[in-house]
Amino acid sequence: MVVLSKPAIEQYSSIRNCIPSTTFYPGIPIIDLSKPDSKNLIVKACEEFGFFKVINHGVPPEFITNLESEAIKFFSLPLSEKEKAGPPTPMGYGNKRIGPNGDIGWVEYLLLTTNPDSCSHKFLSVLGVNPEMFRSALNDYILAVKKMTCEVLELMADGLKIPTSNVFSKLLKDEKSDSVFRLNHYPPCPDFQTLKDSNMVGFGEHTDPQIISVLRSNNASGLQISLRNGSWISVPPDQNSFFFLVGDSLQVMTNGRFQSVRHRVLTNSLKSRVSMIFFGGPPLSEKIAPLPALMKGETSLYKEFTWLEYKTSAYNTKLADNRLGHFERIAAS
């Protein structure tokens, strides 16, 4: 359990709504990377849920705990200090405002690029007496998670019987990959009982525009995903595992065989929730379209676009919008 000693979010009087978590869903797909059938189970999970949990992932546990410790130190700073690392443009520190289009949530965050040399002096200047500890923990974590993510994407390609197994992973390995990294902190929500009938969440429902998202959080509840029938289920927290979420770009590349998963984070009345998300994105100039190896005579459901075009379009929408709607060629079934 993580409870920060100092108030981590101030001036939240305008956010008056919190809703409780519900019963945990027992059927989340679990992929054991040490098992030989993992590639087929990954494909099945992406088809049915757009979401799965990975165990036996090979990411050193000290990389996880070191970065969480550094994140907690940062989020424990006074708001006036943290704001020196903002505003997010889009990188940097943000407090309650999510994006430029009016979405708000019970959250503060750091949004960073995954380039190991990208931590700006402005950001490092607020990290205390030894900012290199944060930079080192961040780089160790990102490199290990990126390696694990590429392994999963190659298993996914094998499971789809695509001849080139690196068709997805090469986009993340490209030196111009537009991957980003996010640290979220959700403080305990006050007045929990009096606000139980309202409908604000920590982070509102959305899909991720990238290829794949890889999430790890501390042992605090809050994450929910939407099933194909539209119902919401609560994901049991697991601080030792990683959760993979299909993004919009992967939905297009599989011509809708995989669908990006709509998800959100609920508030929690007792615990601070700290999450780390690696968003695997292609280079800005990369053309996104259904892969020929998966078409087999099918008609493409989507117009071809570059990642920059889609990223720009997504940035101009609200969280809950259907970002792919503008790029659909025919109605997806």
Colleague: First locate atom CG of L153, then atom NZ of K173, and finally report the distance between them rounded to the nearest 0.5 Å.
Modeller: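 Going from CG on L153 over to NZ on K173, the span is 9.5 Å.
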
Colleague: Treating Ile, Leu, Val, Met, Phe, Trp and Tyr as nodes and any side-chain heavy-atom pair under 4.5 angstrom as an edge, say whether Y315 and F279 lie in one connected cluster.
Modeller: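 Different clusters.
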
Colleague: With the 4.5 Å side-chain cut-off for hydrophobic clustering, are F63 and M133 part of the same group?
Modeller: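 Per the 4.5 Å side-chain linkage, F63 and M133 are not co-clustered.
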
Colleague: Which heavy atom in S226 sits nearest to a heavy atom in V261, and how many Å separate them?
Modeller: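 So the minimum-distance heavy-atom pair works out to O-CG2, 4.1 Å.
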
Colleague: Before accepting this row, confirm whether a basic side-chain N of the pair K44/E47 lies closer than 4.0 Å to the acidic partner's carboxylate O.
Modeller: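 Judged by the 4.0 Å cut-off on N to carboxylate O distance, K44 and E47 do not form a salt bridge.
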
Colleague: Which heavy atom in L284 sits nearest to a heavy atom in T306, and how many Å separate them?
Modeller: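 Scanning both residues, the minimum pair turns out to be O-CB, 3.8 Å.
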
Colleague: Please answer whether the main-chain N or O of N240 pairs with a side-chain N or O of H57 as donor and acceptor at a distance below 3.5 Å.
Modeller: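 Yes: the side chain of H57 pairs with the backbone of N240.
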
Colleague: Take a 6.0 Å sphere around NZ of K35 and say whether it holds more than 12 heavy atoms from other residues, nucleotides or ligands.
Modeller: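 Incorrect, the count does not exceed 12.
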
Colleague: Would you check if the side chain of N40 reaches a backbone N or O of D37 as a donor-acceptor pair within less than 3.5 Å?
Modeller: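 No, because the side chain of N40 does not come within donor-acceptor range (under 3.5 Å) of the backbone of D37.
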
Colleague: Flag the pair E328 / L301 as yes when at least one side-chain heavy-atom distance between them is below 4.5 Å, and no otherwise.
Modeller: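 Side chain of E328 against side chain of L301, heavy atoms only: no contact under 4.5 Å found.
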
Colleague: Can you hop from I211 to L143 via hydrophobic side chains spaced under 4.5 Å?
Modeller: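 No; tracing contacts between hydrophobic side chains, which count when under 4.5 Å, never links both residues.
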
Colleague: Any donor and acceptor pair, going by atom type alone, linking the side chain of S179 with main-chain N or O of G281 inside 3.5 Å?
Modeller: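 Confirmed, S179 side chain pairs with G281 backbone.
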
Colleague: Between M148 and L33, does a side-chain contact (heavy atoms from CB on, under 4.5 Å) hold up when you go through it step by step?
Modeller: CA-CA 10 Å; M148 180 259 298; L33 293 186; 4.3 Å; yes

Colleague: So, F327 versus Y302, ring centres under 6.0 angstrom or not?
Modeller: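 Not close enough - the centres of the two rings lie 6.0 Å or further apart.
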
Colleague: Look only at the side chain of E286 and the backbone of W307, and say whether a donor-acceptor pair between them is shorter than 3.5 Å.
Modeller: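 Judged by distance alone, no pair lies under 3.5 Å.
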
Colleague: Spell out, yes or no, whether F305 and L308 are grouped together once hydrophobic residues are joined by side-chain heavy atoms under 4.5 Å, including indirect joins.
Modeller: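 Yes, one cluster joins them.
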
Colleague: Let me confirm one number: the OG1-CG distance from T317 to L324, rounded to the nearest 0.5 Å.
Modeller: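 One gets 10.5 Å once the value is rounded to the nearest 0.5 Å.
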
Colleague: Verify, without hydrogens or angle tests, whether R323 (side chain) and Y310 (backbone) share a donor-acceptor contact under 3.5 angstrom.
Modeller: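 No, R323 side chain to Y310 backbone: no donor-acceptor pair under 3.5 Å.
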
Colleague: Can V145 be reached from I55 by stepping across I, L, V, M, F, W or Y side chains whose heavy atoms are under 4.5 Å apart?
Modeller: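 Different clusters: I55 never reaches V145 through Ile, Leu, Val, Met, Phe, Trp or Tyr contacts under 4.5 Å.
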
Colleague: Between N255 (side chain only) and T299 (backbone N and O only), is there a donor and an acceptor less than 3.5 Å apart?
Modeller: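 Flag set: sc N255 to bb T299 pair under 3.5 Å.
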
Colleague: Minimum heavy-atom separation for D248 and P209, please, with both atom names.
Modeller: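 Distance-wise, the nearest heavy atoms are OD2-CA, 3.6 Å.
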
Colleague: Please check this pair: side chain of T254 against backbone of F258, looking for a donor-acceptor N/O pair closer than 3.5 Å.
Modeller: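 Side chain of T254 to backbone of F258, a donor-acceptor pair under 3.5 Å: yes, one is there.
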
Colleague: Treating E81 as the side-chain partner and P78 as the backbone partner, does any N or O pair qualify as donor plus acceptor under 3.5 Å?
Modeller: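 Side chain of E81 to backbone of P78, a donor-acceptor pair under 3.5 Å: no, none is there.
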
Colleague: Side-chain contact test, heavy atoms from C-beta onward, threshold under 4.5 Å: evaluate it for K170 versus T164 and give yes or no.
Modeller: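 No - every pair of side-chain heavy atoms lies 4.5 Å or more apart.
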
Colleague: Could you check whether the rings of F75 and Y93 sit parallel, tilted or perpendicular, using 30° and 60° as the cut-offs?
Modeller: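 Taking Y93 first and then F75, their aromatic rings sit tilted (interplane angle of 30° to 60°).
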
Colleague: Decide yes or no on side-chain contact (heavy atoms from CB on, under 4.5 Å) for I212 and T149, but give the supporting numbers first.
Modeller: CA-CA 8 Å; I212 201 81; T149 302; 3.7 Å; yes

Colleague: Working note: I162 + F168, criterion side-chain contact (heavy atoms from CB on, under 4.5 Å); need CA distance, chi angles, decisive distance, verdict.
Modeller: CA-CA 10 Å; I162 298 175; F168 303 123; 4.1 Å; yes

Colleague: Taking P282's backbone N and O only, do any of them form a donor-acceptor pair with D174's side chain (distance below 3.5 Å, no angle check)?
Modeller: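 No, because the side chain of D174 does not come within donor-acceptor range (under 3.5 Å) of the backbone of P282.
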
Colleague: Could you tell me whether the side chain of C46 reaches within less than 4.5 Å of the side chain of M156, counting heavy atoms only?
Modeller: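 The answer is yes; the side chains approach within 4.5 Å.
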
Colleague: Answer yes or no: is there a side-chain heavy-atom contact under 4.5 Å between N139 and R135?
Modeller: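 Yes; the side chains approach each other to less than 4.5 Å.
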
Colleague: Identify the two heavy atoms, one from S272 and one from N218, that lie closest to each other, and give their separation to 0.1 Å.
Modeller: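 Scanning both residues, the minimum pair turns out to be O-ND2, 3.0 Å.
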
Colleague: Check L155 against K39 and note the closest heavy-atom contact, atom names and distance.
Modeller: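 Minimum heavy-atom contact is O-CB, 3.2 Å.
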
Colleague: Please report the shortest heavy-atom distance between R262 and A320, naming the atom on each side.
Modeller: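 The pair with the smallest heavy-atom distance is NH1-O, 3.1 Å.
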
Colleague: Verify, without hydrogens or angle tests, whether N229 (side chain) and S231 (backbone) share a donor-acceptor contact under 3.5 angstrom.
Modeller: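 Confirmed, N229 side chain pairs with S231 backbone.
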
Colleague: Quick one: are L266 and W232 in side-chain contact, heavy atoms under 4.5 Å?
Modeller: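 No, side chains not in contact.
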
Colleague: Just how far is it from atom CD of Q210 to atom OG of S260, taken to the nearest 0.5 Å?
Modeller: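 Result: 11.0 Å between the selected atoms.
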
Colleague: Hey, are the side chains of I142 and L67 touching, using non-hydrogen atoms and a 4.5 Å cut-off?
Modeller: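 No. Closest side-chain heavy atoms not under 4.5 Å.
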
Colleague: Once you measure the plane-to-plane angle for F242 and Y141, does it fall in the parallel (<30°), tilted (30-60°) or perpendicular (>60°) bin?
Modeller: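 F242 vs Y141 ring planes: tilted.
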
Colleague: When rounded to the nearest 0.5 angstrom, what is the spacing between CZ in F74 and NE2 in H185?
Modeller: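 If I round to the nearest 0.5 Å, the distance is 11.5 Å.
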
Colleague: So, do F243 and D238 sit near enough that their side-chain heavy atoms are less than 4.5 Å apart?
Modeller: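 Side-chain contact under 4.5 Å: yes.
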
Colleague: Would a 4.5 Å heavy-atom cut-off, applied to side chains only, mark K146 and T114 as touching?
Modeller: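 No. Closest side-chain heavy atoms not under 4.5 Å.
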
Colleague: Rounded to the nearest 0.5 Å, what's the gap from CG on N184 to CG on L111? Could you check?
Modeller: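 Rounded to the nearest 0.5 Å, the CG-CG separation comes to 9.0 Å.
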
Colleague: Please work out which of the three classes, parallel, tilted or perpendicular, describes the rings of F203 and Y186, given edges at 30° and 60°.
Modeller: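 Rings of Y186 and F203: perpendicular, as their planes differ by over 60°.
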
Colleague: Can you tell me how far the CD atom of E68 sits from the OG atom of S275, to the nearest 0.5 Å?
Modeller: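 Between E68 CD and S275 OG, I get 10.0 Å after rounding to 0.5 Å.
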
Colleague: Please report the C-alpha distance between Y109 and I277 in whole Å, then the side-chain angles of each, then the deciding distance to 0.1 Å, and finally whether the side-chain contact (heavy atoms from CB on, under 4.5 Å) criterion is met.
Modeller: CA-CA 11 Å; Y109 61 90; I277 312 99; over 6 Å; no

